[in-house]
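These notes are about the structure you will find just below.
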Amino acid sequence: MKKIIAMAVTAVLLVSATFALNFEVGARGILGRNLDGGSFASNFDAARQDKTFDFGFGAYANLSILGGLGVQAEANYVKSSITFANNTAETVQYNMHILDLSPMIWLNLDLWKFEFGFGAGPNFEIPLASLGDVWSAKKEDFTVGLIAGVDVKFYFLKHLGVVLSGRFVCDFNKRDVPLGVWDASYPSYEFTRRTLYGGLGLEFRLFE
């Protein structure tokens, strides 16, 4: 009898957990900026002057399990322009293509038709020459960083909503970038990625 009761309780818990699941998928466009070591205000002024912004697109899936707490997995492709300066007034601009793979611990909070989500986790960065090099990326080129973000969602239909996102991505270590220009050779520059970007897209809730 105890075994039967235990099995019955387990079955009820499994069914309850199944109905507690909330699964969402979405896609968005991305626009942002790689920040240097200065203040946010100085970075904002520099962005207005040189008009160099990061841009790209991404997709994600969110699985909420208990009370909105769950995981969100993202894949974001970003093209970033980094400006380097040597000892003279000469500057070099480097276009960096990165595929970010980000599993995050995520918490969703519902408020009427709005949903607020935030989370953080490791960010696995794959440097690419272009988006077409995803399949030929080498494992040894992967770097690890940290990602934190927030989403604000408005569901204008039961299963379809608009998503406004914000993300901050940073490297754990500095990276070396080899550079070359027409008549001068630059061995390498070091920089630490500190990217702040926003996103706008659509989300589809499969079931709840």
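Scope of the values below: all heavy atoms of this structure, side chains included, with no hydrogens, waters or symmetry mates. Note that the coordinates shown come from a computational prediction; the quantities given were computed from them, not determined experimentally.
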Check against side-chain hydrogen bond (donor to acceptor under 3.5 Å, both in side chains), N108 and N22:
CA-CA 10 Å; N108 285 322; N22 187 5; over 6 Å; no
Give the intermediate values and the outcome of side-chain contact (heavy atoms from CB on, under 4.5 Å) for residues D151 and Q72.
CA-CA 11 Å; D151 288 347; Q72 180 156 307; 3.5 Å; yes
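Within the 4.5 Å cutoff, the side chain of H159 has no heavy atoms near those of the E24 side chain. Using a 4.5 Å cut-off on side-chain heavy atoms (C-beta onward), V71 and N62 make no contact. Proximity of S165 to Y197: side-chain heavy atoms (C-beta onward) are nowhere separated by under 4.5 Å. Side-chain contact check for I147 versus E74: some heavy-atom pair is nearer than 4.5 Å. Contact annotation: the side chain of V144 never approaches that of N123 to less than 4.5 Å [non-hydrogen atoms, C-beta and beyond]. Side-chain contact check for R193 versus I98: some heavy-atom pair is nearer than 4.5 Å.
The ring pair (Phe, Tyr, Trp, His ring centres under 6.0 Å) test applied to F55 returns no partner, not counting sequence neighbours.
Remark: R205 qualifies as a cation-pi partner of Y155 under the 6.0 Å distance and 45° angle criteria applied to the six-membered ring.
Ring orientation note: the planes of F114 and F116 are close to parallel, at an angle under 30° on the 30°/60° scale.
Judged purely by distance below 3.5 Å, without hydrogens or angles, the side chains of Y60 and E203 pair a donor atom with an acceptor atom.
D171 places no side-chain N or O within donor-acceptor distance of the main-chain N or O of G145, the cut-off being under 3.5 Å.
Salt bridge status for D110 with K153: absent, with no side-chain N to carboxylate O gap under 4.0 Å.
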